[in-house]
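Here is the structure we will look at.
Bear in mind the structure is a predicted one, so any value in this text is a computation, not a measurement.
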Amino acid sequence: MALPDPLPILTRGAVIPVLTIKRAADAVPLARALVAGELPVLEVTLRTDAALDAIAAIAREVPEAVVGAGTVTKPADIADAVVAGARYLVSPGTPGELAVALAQTPIPAIPGCATVSEAMALAAHGCTVLKFFPAEASGGIAWLRAVAAPLPELRFCPTGGIDGNNAAAYLTLPNVVAVGGSWVAPKDAIAAGDFSRIAALARAAAALRRS
């Protein structure tokens, strides 16, 4: 059976903001700022106690946003994220038990890999859109170019070490469908409630797909 396809989600925004939200109250204004900046696909990492409440608030109050759950590291995270309203799932890496669980989810999943062997193992589970993480530390653009020929069926969303200086170079690669990064929502801007700054950073990032 074919797995839910994450491509229609990822192709809505070439840059996916990776958000670590410490206060659930920040979730809605943050999501609205990113949507206003033309980055509607958001990844909220499950790294804080506020993460699931943040996902639920965005799903409920910002329908224009496509909110997903990132840093999915164990099967139990999947159920929690789906209940909260996540529309897709992202893992940093994908051990066997998690790979099986992600292959059975009712929503699209983007499992993480850092090596060719990991990418091939995930492809064997039917996953053809993968997170490449940590991208810069694992070979970056050179790695993605090298795997394009032997793994032509796979597409990647590289994350980790990507920012406004190198994102455009990644997006020129045919096997890269989008990039993920936190630079569009700096921690200090979130803490200060400077959502106009975040919207401006989002607009600049959104323009990369048109350049």
Side-chain angles (χ1 to χ4, degrees), residues 1-18 39 41-43 45-46 66 68-75 77-78 81 86-183 205-206 208-211:
M1 185 175 68
L3 304 182
D5 187 1
L7 273 179
I9 291 174
L10 291 180
T11 53
R12 291 189 59 178
V15 175
I16 312 301
V18 178
L39 296 182
V41 181
L42 316 178
E43 176 188 332
T45 67
L46 300 182
V66 181
T71 318
V72 172
T73 60
K74 54 188 182 298
D77 292 337
I78 296 172
R87 292 171 60 181
Y88 68 97
L89 305 167
V90 185
S91 70
T94 321
E97 183 183 19
L98 183 58
V100 171
L102 288 173
Q104 297 172 348
T105 60
I107 62 176
I110 307 164
C113 70
T115 69
V116 173
S117 293
E118 290 170 358
M120 292 173 66
L122 290 168
H125 283 285
C127 303
T128 57
V129 182
L130 308 177
K131 175 175 179 171
F132 175 41
F133 176 84
E136 282 286 282
S138 301
I141 288 172
W143 187 92
L144 290 161
R145 284 178 175 152
V147 303
L151 303 176
E153 75 281 10
L154 297 183
R155 297 293 179 270
F156 296 92
C157 178
T159 306
I162 298 177
D163 56 28
N165 295 317
N166 59 12
Y170 276 91
L171 291 169
T172 64
L173 302 179
N175 58 348
V176 169
V177 64
V179 299
S182 59
W183 86 92
L208 294 174
R209 64 184 171 186
R210 297 189 291 270
S211 59

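- Closest heavy-atom contact between Leu208 and Ala167: CD1-CB, 3.8 Å.
- Here the closest non-hydrogen pair linking Thr71 and Pro92 is CA-CD, 3.9 Å.
- For the pair Ile9 and Pro108, the minimum side-chain heavy-atom distance is below 4.5 Å.
- Residue pairs satisfying the side-chain hydrogen bond (donor to acceptor under 3.5 Å, both in side chains) criterion with at least one member in residues 153-167, sequence neighbours excluded, are absent.
- Counting only residues at least two apart or on different chains, the ring-ring contact (aromatic ring centres under 6.0 Å, His included) pairs with a member in residues 148-168 are Trp143-Phe156.
- With rounding to the nearest 0.5 angstrom, the CG atom of Leu151 is 11.0 Å from the CG atom of Leu122.
- Applying the ring-ring contact (aromatic ring centres under 6.0 Å, His included) test to every pair with at least one member in residues 86-114, sequence neighbours left out, gives no pairs at all.
- The two atoms that bring Ala81 and Ala69 nearest to each other are CB-CB, 3.6 Å, heavy atoms only.
- Note: Leu3 CG to Ile107 CD1 = 12.5 Å, rounded to the nearest 0.5 Å.
- Rounding to the nearest 0.5 Å gives a distance of 10.0 Å between CG of Leu10 and CD of Glu43.
- Partners of Thr105 according to the side-chain hydrogen bond (donor to acceptor under 3.5 Å, both in side chains) rule, which considers only residues two or more places apart in sequence or in another chain, do not exist here.
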Name each donor-acceptor pair under 3.5 Å that joins a side chain in residues 109-121 to protein atoms two or more places apart or in another chain, with its distance.
{"from": "Thr115", "atom 1": "OG1", "to": "Glu118", "atom 2": "N", "distance (Å)": "3.0"}
{"from": "Glu118", "atom 1": "OE1", "to": "Ala114", "atom 2": "N", "distance (Å)": "2.6"}
{"from": "Glu118", "atom 1": "OE1", "to": "Thr115", "atom 2": "N", "distance (Å)": "3.4"}

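- In this structure, CD1 in Ile78 is found 8.5 Å from OG in Ser91, a value given to the nearest 0.5 Å.
- Among all heavy-atom pairs drawn from Ala205 and Leu39, the shortest one is CB-CD1, 4.0 Å.
- Separating the CG atom in Leu154 from the CZ atom in Phe132 is a distance of 12.5 Å, to the nearest 0.5 Å.
- Atoms CD1 and CD1, on Ile162 and Ile16 in that order, are 11.5 Å from each other to the nearest 0.5 Å.
- The list of ring-ring contact (aromatic ring centres under 6.0 Å, His included) pairs with a residue in residues 105-127, not counting sequence neighbours, is empty.
- Pro158 and Ala135 get closest at one heavy-atom pair: CB-CB, 3.8 Å.
- Considering all non-hydrogen atoms of both residues, Leu171 and Val176 come closest at CD2-CG1, 4.3 Å.
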